[in-house]
Each structure stands twice: as C-alpha cells, then as structure tokens.
Amino acid sequence: MLTYSADLYKQILTLHWGYQEFRPLQEKVMQSVCGNRDTLALMPTGGGKSITFQVPVLANEGLCLVITPLISLMKDQVENLKRREIKAIAVYSGMTPDEINIAFENCLYGGYKFLYISPERLGTDLFRARVQKMNINLIAVDEAHCISQWGYDFRPSYLRIADLRDILPGVPLLALTATATPDVVDDIQEKLRFEKKNVLSTSFERKNLIYFVKETDDKQKYLLKSIEKLKGSGIVYVRSRKRAKEIAVLLKQNKFSADFYHAGLSDSERSRRQAEWKSGKTRIIVSTNAFGMGIDKPDVRFVLHIDLPDTLEEYFQEAGRAGRDGKPSWAVLLYNNSDKINLEKRIAVNFPETDLIKRIYQALGNYFQIPLGGGKDMAFDFNLATFSTTFNFNMIVVYNSLKFLQREGYLELTDDMNNPSKVHFIVNRDDLYKFQVANVHFDAFIKLLLRTYSGMFSDYTAIYEDYLASKTGISKETVYQYLIKLSKYQVINYIPQKKTSLVVYTEERLDDKNLFISKEKYRIRKENYVSKIQKVIDYASGKDRCRSEFLLDYFGEKGASPCGKCDVCRSRKQPDMEQPEFDLICGQIKNLLLQAPARREDIIDNLHLDEEKVLKVMDWLLDNDKITCLDDNKIVWQP
C-alpha cells in the first residue's frame, strides 16, 4: 500500500532529480494513486510523467511494475535510474532464459524498485508465476493509448495488462499518456478495468510554443532561411534514414552545426550524437521519429518538420519537445501539395491486401522454420531487408503487413535493438580466486573486468570490447577470445553484442484457414487511419483557424482562445487601418519590390504615402514572411 508524505516526496525529488518543487498535476497524480485509486494521467510531452510513479515507489516498500512498448525507451529509463543509484531492471523479448530468470530473482530478493517489462512478456507462464511472488505496490502503464484500437499505435499485447488485475488484486494502476483524444481516454479506462473513472489532466496548451505552417515548394531553401533566423538548439524531423543524412549534410555545407540520428546507427554512435546535441556541441539534430523518446533537453528552441507525420498525435508529441523550459520556442511544419499526395499514397502502402498479408505471414513462418501450431511466445532475430529479398517482397509492404498482423494480435515486431555484449559471472568469488590461481594467464584479464564493471556476480552487465581493448592495448579480437574461453570454462556467461529487431509470436503459427483477418476490422482501421491523415492535411492546409486552437480541439479541449502567435493569428493582426487602405499600401509595396529590391527609406520616398502607415504595413509584411531584408539592408518581395 502506497502512502503519501509531502515532505518525504520532496526530499526524494531533490535528492535524485535536483528539483525543489513538484508541478501541480504531478502532486495530484501521486495523491490519487496513494489513495489506492486507479488513475489515468494525461500529461503533455515534457510534463514529467515518470516522476509520478518513481517518487511514490521510492518512498514506500515494494516494487513498481512498469509496462512500456518501446524497448529502446525502456532501456534508456533503466539506465537513467541506475545513474541516480536507483535499482531498476528490464525484461523484454530477445533476452536469454537465464537473463530473464536472474532479473526476476533480483526483483524478488535484490532490493530492486522498478521492473520494466514489454507487454508481450505479460502473457508468459514464467512472468505470471513470478510476479505473484513479488511485492508489487503499483502498476504503471506508459504510452497507455496503445491499449485502444482507436489510438494511433494500437498494440493488442496491451490488452493483457487487464489480466494483472486478477493476479495482483488491490494494486493500484497508473496509466500515462501524452496524447489521447476523448474516445481514447474512455477506451483506456474501460480496457484497463478501472473500478471508477478517474482522469487527471492539465491543459494541452503550450503558451510558449509558437506553431507555424509554411507552404513552400522549396523546403530546403526555406529550411536554411529558417535556421538562420531561429536561434538556439533544434530538431529537424524527416520520414526516412536516407533523408536524415541528406539534410544533415546540407546543413553542414551551409556552415550549420548539425548531425543526423536514426535507429540504424549503433548504440555507441547514437549515444555519442545524442550527448553532443544535448551538451550543445551539435546545434541541430536531423532525425526520423526514432529521436526524442526519453530526451529531456529543456532549451530546444525549435522543432521543424520537413515531412508531414501520419497523425496529429505524432506531430503534437514531437513538436512538444521544443520549449520545455517555458521560454518562447517554435514548432514549424513545412507543407506543399506534393505532401498531400504522398500522405494519401501511404494509405495503400499501410494497408496491403489481406491475401498479401497472409502470404507474408506464411513466408515468415517458413523463414523461421516454425511448424504449424508451434512458435508461441518465441522470439526470432529479424532482418527486414534480408527477409524481403529472400521472398521477393517489397520491404515497406512487408513492414506494414507485420504491423497489421501485430494489430491483429498474432505477433509483435519490436523496434531495432542495439544490445551491447553482456557478462555474468556464474562462479562465486572463492571459486573465481581458485581459477585465477590455477590459470595465471587469465588473471590480469579477469581483474580488468572486475575493475571496469560492477554487479557482474548478481546480474548480466553490459560490457564493451572496444573499451577493454583500449585500456589494455590488446586487440578487440583478443578480448573476444578471452571472453569466449572464460565462457567455455564456465566461469562466465558471455552474450556477444547483437543489433537486430525481433519478431515475437504471441500466438502459435496458423494455417491460412485459421488465420482470421476480419474484413470489418480491416475496414474500420483503414477508415480510422484515413481520418487521421485527413486531420493532418486539414491542419497543414488550413489558413483560417488558430493552430493551437485546432490542436486543442482535436484533443478534446473545446472553446480554446486563439493563441495570437501562430502564422494564422499573425496574419489576422493587420495594422490598425481600414482594409482598402491596407490593401492599397501592400499592393504598391509589392509592385515596387517586384521591379527591384529597395531599401526601407527608398520605398517610403517612392510611394508618397503616409510614412507611419507604410512602416506599419512593412513590419506586418516582414512578420508574415511576405518580404525579406537582405544583408545589404535591401528588401525583396518573397515569391
């Protein structure tokens, strides 16, 4: 049972996170779960969701079970807790049985406070048997919108969370999400079997965030011009890994400090690029949607989307990574007519014909050599490109077919994982000493391991062969051979580095006759997807409604006031003069500048109109990117 103590909670917050005060909603959420009430917390990106379950658990006896869908995010959060000297562990598909067993043993007897687990592991017999013996004081469900088929990232494995209510009766549940429409809010509470509806939320409004949509046929030119104007650190989002690299190269060629980031990079490379961006060494990171989860950089001054996202939920979450320190920041979306065409093309790509989905499912079973009726709860290393080439399938169609099979509950496709090598000593310290005495040539290497890494007797510990090699002056291959030999002598268990995604069979392999894909569900999901795409197009192409007001209305906040700062609001803020007079002055300025660029004073002299009014119109034109001031102070009309 969790108890609430304001003073103790603040002490923990200051000790581990360095903050002096909680945000108002954080306190309300913690008081709610400590009152043993199931709670759904709607907190925008950067709102401090994790603290709402981490602090109460640290203040009380027991263990928190945290369910989250992204393995990369799970690993990041565990590492962040460990850096704060908080005991946390993760269990997900792809781990060896021995790793999983040791993780569960540590949760039972090792004083751990947080067990992060991926949703597909919830249905395994091993987990269900072990979790009943654990002192679970809270169930935290991150990315809770994944439980709703109306959400933008539905995962059937999330439906298994409700079974925990029977296994762990009386344990409160905290569901967390940054993006949920009213229908999804209701669905989350129903699917998680809340005893009583209980939603705590803060407004989704970000008063310091300026939303801006620019319609342009030359996105790269506008990107360069924007980054020249927008000062400070930023993120540029694109749709593909190739495009991320291309845009980063373009920025570097134009003397901007930039790098690219995507899930295909190695763990060490991603960590390096992320660290250099967070420290300010790199100003701009160009990325696919792989970047941002778990990133808490408060001083991001702009987030710029070159390509349209699939959903407003995705856009709102990514744009919300700007301005977490409360200072004015920009969320810029570039748009043109080809975007609308490309977005509509995604409908066909994202929804392959059902016969093709079935062919890919059977090819997958053959690829892994799984017999009919077999494979349940088994995980397989999966290379999308290799599989697609082997069976002559289009790679994008394969990916979307697997995602559809995931939504139907037949399998799970994990995100790309960069798993470092791991070592666990399987002998005790006395036996290890005897081994070192009897095998002197291993002594120095074993001492190096023990000096460099801790915790290897109680758990699998990540190691880096490159680093060990650099410390000793020996080759990486020699380090690898030492580890292999120690493993053969049964001194350690050694799991070499692996970079892959996984396919996890959540049901046994079925034949075509029993592989049921509901035509009605297919139709509903397709219609839902089309509806979400249309909302993105409406947002990008609209010129009559405040951007913030549009987004807030989408997430159920009715009657919001115009922000007064977005491109739509700014376009309405014409100088205080009659419309015909404004149009006359604007037209004359345009005609003059289309002939040749001119300085501000030359424009005033040539127009022979009221100087103060001409200046007001020019200021408005500058604010709305109708005109631009060049380095030589000459003004040009923007085509």
Side-chain angles (χ1 to χ4, degrees), residues 1-2 33 36 38 53 57 61-71 74-75 77-78 87-144 146-147 154-176 188 190-195 370 373-380 406 408-414 459-460 502-510:
M1 181 76 176
L2 295 172
V33 295
N36 209 40
D38 294 334
F53 63 83
V57 171
E61 288 293 321
L63 175 78
C64 179
L65 181 65
V66 188
I67 300 149
T68 187
L70 291 174
I71 294 172
M74 182 190 306
K75 289 159 72 176
Q77 292 189 350
V78 168
K87 285 192 167 185
I89 207 159
V91 171
Y92 46 85
S93 295
M95 293 172 65
T96 66
D98 191 44
E99 283 181 279
I100 294 172
N101 188 55
I102 288 173
F104 287 153
E105 288 292 306
N106 280 326
C107 289
L108 284 166
Y109 309 114
Y112 277 71
K113 296 299 292 181
F114 299 94
L115 169 58
Y116 282 76
I117 192 159
S118 55
E120 73 275 0
R121 305 307 303 170
L122 298 177
T124 63
D125 293 338
L126 178 61
F127 168 76
R128 294 167 73 89
R130 290 298 188 90
V131 76
Q132 294 178 69
K133 299 176 183 177
M134 297 175 191
N135 181 21
I136 304 291
N137 59 19
L138 179 64
I139 302 165
V141 182
D142 202 8
E143 309 295 335
C146 292
I147 202 169
F154 173 55
R155 292 173 180 247
S157 54
Y158 257 59
L159 297 172
R160 292 174 172 169
I161 298 171
D163 296 338
L164 293 172
R165 312 314 299 262
D166 301 320
I167 299 172
L168 302 169
V171 177
L173 187 149
L174 172 60
L176 299 147
I188 289 170
E190 180 186 338
K191 295 292 195 304
L192 290 174
R193 289 167 47 186
F194 274 35
E195 286 188 6
I370 302 171
K376 190 176 189 314
D377 292 329
M378 293 179 67
F380 300 88
Q406 176 173 282
E408 289 291 300
Y410 292 116
L411 53 79
E412 290 273 345
L413 176 65
T414 72
D459 195 5
Y460 278 85
L502 298 172
V503 167
V504 184
Y505 276 76
T506 46
E507 298 293 339
E508 68 273 9
R509 182 186 176 184
L510 303 169

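Note that this is a predicted model, so its numbers are computed, not measured.
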Hey, mind stepping through Y410 and L510 against side chain to side chain contact (heavy atoms under 4.5 Å, CB included) and telling me if it holds? CA-CA 9 Å; Y410 292 116; L510 303 169; 3.6 Å; yes

Evaluate the side chain to side chain contact (heavy atoms under 4.5 Å, CB included) criterion for residues I147 and L159: first the C-alpha distance (whole Å), next the side-chain angles of each, then the deciding distance (0.1 Å), finally the verdict. CA-CA 6 Å; I147 202 169; L159 297 172; 3.9 Å; yes

For a side-chain hydrogen bond (donor to acceptor under 3.5 Å, both in side chains) check, start with the C-alpha distance between S93 and E412, then their side-chain angles and the critical distance, and finish with the verdict. CA-CA 10 Å; S93 295; E412 290 273 345; over 6 Å; no

Is a side-chain donor or acceptor of N137 paired with a backbone partner of E61 at a separation under 3.5 angstrom? yes

Evaluate the criterion side chain to side chain contact (heavy atoms under 4.5 Å, CB included) for residue pair D142 and Q77; output intermediate values, then yes/no. CA-CA 12 Å; D142 202 8; Q77 292 189 350; 4.0 Å; yes

Distance check, rounded to the nearest 0.5 Å: I136 atom CD1 versus C64 atom SG? 7.5 Å

Are the side chains of Y116 and K75 in touch, meaning some heavy atoms are under 4.5 Å apart? no

Interatomic distance, CD@E99 vs CD1@I89, rounded to 0.5 Å, equals 9.5 Å

So, Q406 side chain and L413 main chain: donor-acceptor pair closer than 3.5 Å or not? yes

Aromatic rings Y505 and F380: how do their planes relate, parallel, tilted or perpendicular, breaks at 30° and 60°? perpendicular

Roughly how far apart are T414 OG1 and E120 CD, rounded to 0.5 Å? 7.5 Å

Any pair counted as salt bridge (charged side-chain N to carboxylate O under 4.0 Å, His left out), so long as it reaches residues 123-135, sequence neighbours left out: E105-R130

Might you point out which heavy atoms bring G111 and K87 nearest each other, and give the distance in Å? O-CD, 3.7 Å

Residues that P69 engages under side chain to side chain contact (heavy atoms under 4.5 Å, CB included), provided they are two or more places apart: E143, C146, R155, Y158

From D377 atom CG to F127 atom CZ, the distance as rounded to the nearest 0.5 Å: 12.5 Å

Checking R160 side chain against L122 main chain: does a donor-acceptor pair fall under 3.5 Å? no

Roughly how far, to the nearest 0.5 Å, is CD1 of I100 from OG1 of T124? 7.5 Å

Could you tell me if the side chain of V171 sits less than 4.5 Å from the side chain of L65, heavy atoms only? no

Heavy-atom closest pair, residues L63 and K113: CD1-C, 3.3 Å

Treating D38 as the side-chain partner and L173 as the backbone partner, does any N or O pair qualify as donor plus acceptor under 3.5 Å? yes

One pair to check against side chain to side chain contact (heavy atoms under 4.5 Å, CB included): L176 and F53. What are the steps and the verdict? CA-CA 10 Å; L176 299 147; F53 63 83; 3.6 Å; yes

Just one of L168, V33, V66 clears the side-chain contact (heavy atoms from CB on, under 4.5 Å) bar with I139, so which one? L168

Chi angles and distances behind the side-chain hydrogen bond (donor to acceptor under 3.5 Å, both in side chains) call for D98, Y460: CA-CA 9 Å; D98 191 44; Y460 278 85; 2.5 Å; yes

State, to 0.1 Å, how close A144 and V141 come at their nearest heavy-atom pair, and which atoms those are. CB-O, 3.9 Å

Gap between atom CE of M95 and atom CG of N101 - 0.5 Å precision: 10.5 Å

For G409 against T506, the heavy-atom pair lying closest together: O-OG1, 2.9 Å

